[in-house]
Amino acid sequence: MDGNGRWAKQRHMPRHAGHRAGVKSVRVVVEESARLGIEVLTLFAFSSENWRRPRQEVDLLMELFMSALRGEIRRLTENDVKLRVIGDRSAFPRNLQKLIGEAEAATCNNRRLILQVAANYGGRWDLTQAARQLARRVAAGELDPDLIDERTVAAVLSFPDLPDPDLFIRTGGERRLSNFLLWQAAYAEIFFTDVLWPDFSADLFGQALADFSRRQRRFGMIAEQVAAISADGAA
Ligand code: IPE
Ligand code: MG
């Protein structure tokens, strides 16, 4: 979700007005995902590097996170959405941590859509905490280093129980991953758009999904193999 600051600047408004406007787009994309039958939606709300922003902006983002959580719990339940926060929440203010825990608990039985909010998250952070967990198990004599494979690593990352993302959307015109889901997005299809996050709409989401549906995903194979597999599946 990128481009809130520029959206506000274009309107001669302070950056926080852009962040507030961005919350509306979150609502749109969450409700649209639930409606379309998407199973998991992961939003990058605050990166491990965003602490480098001016103090005032960081504080505002924390407040906005709090008020969005407070204000949206009921709506999430109405839409049968289960909320989960990934990232190092221990760095957040106590009251925010508490609120996150409450929102997760209040929505934990919802089934329609899993909404993951990445907060104080970074792909490198995730891989580093995974390495730490594995090293601990090796040191404790519970794990043989020679038996570590991709599944062992994936199992200690942030969401081992969910599939890898199929589609990765970045708004705001930059064409980079910025440390999001580095491991899990290895085979994600990437959709970049110049549209700024507060202007993200159900229509643009639909365009991204239509674009995704036209891609051929080969996972290292050649086109003919993929065609044979899909013909097999269809038969
Ligand atoms: C939203 O957009 C990102 C966050 C919520 C941290 P930005 O705040 O990065 O907006 P730009 O890139 O300055 O326009
Ligand atoms: Mg930005």
Side-chain angles (χ1 to χ4, degrees), residues 1-33 40-73 75-76 81 83-93 95-97 99-100 103-104 115-126 158-159 165 167-182 184-185 188 190-205 207-208:
M1 303 188 284
D2 197 15
N4 295 351
R6 279 164 286 163
W7 183 93
K9 195 169 183 189
Q10 283 173 0
R11 287 161 181 75
H12 308 287
M13 281 154 48
R15 293 182 57 87
H16 67 78
H19 294 312
R20 282 183 217 286
V23 176
K24 287 203 200 92
S25 298
V26 170
R27 223 173 267 144
V28 167
V29 80
V30 169
E31 287 179 6
E32 197 60 8
S33 296
V40 186
L41 173 70
T42 305
L43 299 175
F44 203 5
F46 192 85
S47 78
S48 334
E49 292 76 33
N50 284 146
W51 297 106
R52 297 183 187 152
R53 293 190 175 200
R55 175 71 198 267
Q56 204 191 0
E57 178 160 344
V58 170
D59 288 349
L60 182 277
L61 286 168
M62 297 294 145
E63 273 166 40
L64 206 55
F65 198 13
M66 301 261 296
S67 66
L69 281 174
R70 272 198 212 99
E72 299 297 319
I73 293 179
R75 197 195 287 258
L76 290 176
V81 178
L83 176 81
R84 198 200 277 197
V85 174
I86 57 168
D88 181 9
R89 63 179 76 176
S90 70
F92 289 136
N95 49 357
L96 177 53
Q97 289 184 47
L99 201 57
I100 290 171
E104 287 176 329
L115 168 62
Q116 291 201 114
V117 175
N120 195 18
Y121 175 88
R124 289 181 175 181
W125 165 81
D126 204 359
S158 280
F159 46 98
L167 173 61
F168 183 119
I169 300 176
R170 181 175 186 145
T171 61
E174 312 293 356
R175 278 147 174 78
R176 55 175 170 259
L177 305 184
S178 297
N179 199 16
F180 195 40
L181 307 181
L182 294 181
Q184 298 90 337
I190 304 187
F191 181 87
F192 290 118
T193 170
D194 290 336
V195 169
L196 304 174
W197 178 251
D199 290 327
F200 193 80
S201 61
D203 187 53
L204 182 56
F205 193 26
Q207 285 175 42

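Numbering of ligands and ligand atoms starts at 1, following listing order. The shown structure was predicted, so the numbers you read here are calculated from the model rather than taken from an experiment. For reference, positions follow the sequence shown, starting with 1.
Nearest protein heavy-atom contact of atom 6 (C) of ligand 1 is N50 OD1, 3.5 Å. In terms of protein heavy-atom proximity, atom 7 (P) of ligand 1 is closest to D2 OD1, 3.6 Å. Nearest to atom 10 (O) of ligand 1 among the protein's heavy atoms is G5 N, 2.9 Å.
Look at E174 and you'll find every heavy atom at least 4.0 Å from all atoms of ligand 1. For R15, the heavy-atom gap to ligand 1 drops under 4.0 angstrom.
Taking every non-hydrogen atom of M1 and a distance limit under 4.0 Å, the qualifying atoms of ligand 1 come out as 1 (C), 2 (O), 3 (C). Per-residue contacts place R6 under 4.0 angstrom from the following atoms of ligand 1 (heavy atoms of the residue considered): 11 (P), 12 (O), 14 (O).
As for D2, its N/O/S atom nearest the Mg ion (ligand 2) is the one called OD1.
Judged by a 6.0 Å distance limit and a 45° cone about the ring axis, R53 is not positioned over the six-membered ring of W51.
The side-chain heavy atoms of I86 and T42, taken from C-beta on, include a pair separated by under 4.5 Å.
Taking each of G22, S47, A45 in turn, the one with a heavy atom nearest to atom 4 (C) of ligand 1 proves to be A45.
For a threshold of 3.5 Å applied to N or O pairs, the pair formed by G3 and ligand 1 contains at least one separation below that value. Considering backbone and side-chain atoms together, R53 places an N or O closer than 3.5 Å to an N or O of ligand 1.
For the pair N179 (side chain) and G123 (backbone), a donor-acceptor distance under 3.5 Å is present.
Taking the charged nitrogens against the carboxylate oxygens, R89 and E104 do have a contact shorter than 4.0 Å, which makes a salt bridge. The existence of a salt bridge linking D194 and R175 is confirmed by a sub-4.0 Å separation between a basic side-chain nitrogen and an acidic carboxylate oxygen. Salt bridge present: R75 and E72 bring a charged side-chain N and a carboxylate O closer than 4.0 Å.
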*Carefully, step by step, assess R170 and S178 under the rule side chain to side chain donor-acceptor pair (under 3.5 Å).*
CA-CA 10 Å; R170 181 175 186 145; S178 297; 2.7 Å; yes
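For the 3.5 Å distance criterion, the side chains of Y121 and D88 fail to qualify, holding no donor opposite an acceptor.
Both the backbone and the side chain of N4 come within 4.0 Å of ligand 1, judged by heavy-atom distances.
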